[in-house]
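Heads up: numbering here begins at 1 and tracks the sequence. Heavy atoms only: backbone and side chains are in, while hydrogens, waters and symmetry mates are out.
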Amino acid sequence: MPVINGLTDTSHPCQIMADVMTLQEKKGPVGNTVVAWSGDGNNVAASWIHGAVRFGFELRLACPEQLTPDRRCSTGRAARAVACG
């Protein structure tokens, strides 16, 4: 059985795909959803930023100042084109 794991130090896309799929199954289309992330601005937070850009939901991050995501991740549409990290 093939296994896909896109986990890196800068992103965690498989986790976000699973989370977004769960949101859609439970709440319907995610485009009008507000997602909150509280924690380190780590690889998962970076992937949430990419997911918000890709799927059009609102993302609210609450990260400690010393652990915020890479600035390139949080510049709106630039998150789509620039790999964070």
Side-chain angles (χ1 to χ4, degrees):
M1 167 185 262
V3 176
I4 297 171
N5 182 1
L7 173 66
T8 69
D9 289 342
T10 57
S11 68
H12 199 346
C14 293
Q15 177 67 50
I16 302 314
M17 290 185 333
D19 291 347
V20 169
M21 185 177 85
T22 300
L23 277 173
Q24 289 191 146
E25 287 177 345
K26 301 294 182 182
K27 300 289 186 178
V30 296
N32 294 324
T33 303
V34 177
V35 174
W37 172 264
S38 178
D40 296 356
N42 59 13
N43 57 348
V44 179
S47 290
W48 273 114
I49 293 167
H50 285 264
V53 172
R54 173 68 177 93
F55 295 105
F57 57 84
E58 182 179 339
L59 178 64
R60 297 180 185 176
L61 296 172
C63 303
E65 189 173 334
Q66 65 275 23
L67 298 172
T68 58
D70 187 304
R71 291 185 60 115
R72 293 176 293 168
C73 293
S74 58
T75 56
R77 299 214 179 265
R80 184 183 319 171
V82 177
C84 302

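- Taking the side chain as every heavy atom from C-beta outward, Leu61 and Ile49 approach each other to under 4.5 Å.
- Heavy atoms only, all atoms of each residue included: Pro64 and Gly39 are closest at CD-O, 3.5 Å.
- A search for ring-ring contact (aromatic ring centres under 6.0 Å, His included) contacts involving Phe55 returns nothing, not counting sequence neighbours.
- Looking at every heavy atom in both residues, Ala46 comes nearest to Thr10 through CB-O, 3.5 Å.
- Closest heavy-atom contact between Ile16 and Ser47: CG1-CB, 3.1 Å.
- Here Thr68 pairs with nothing under the side-chain hydrogen bond (donor to acceptor under 3.5 Å, both in side chains) rule; sequence neighbours left out.
- Under the 4.5 Å side-chain criterion, counting only non-hydrogen atoms from C-beta, Asn43 is not in contact with Thr8.
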Side-chain donor-acceptor contacts of residues 23-32 below 3.5 Å, not counting sequence neighbours, with atom names and distances?
none

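- For the pair Cys14 and Gly6, the tightest heavy-atom approach, listed with the atom from each and the gap, is SG-N, 3.4 Å.
- Annotation: side-chain contact (heavy atoms from CB on, under 4.5 Å) contacts of Asn42 (sequence neighbours excluded): Trp37, Asp40, Val44, Ala45.
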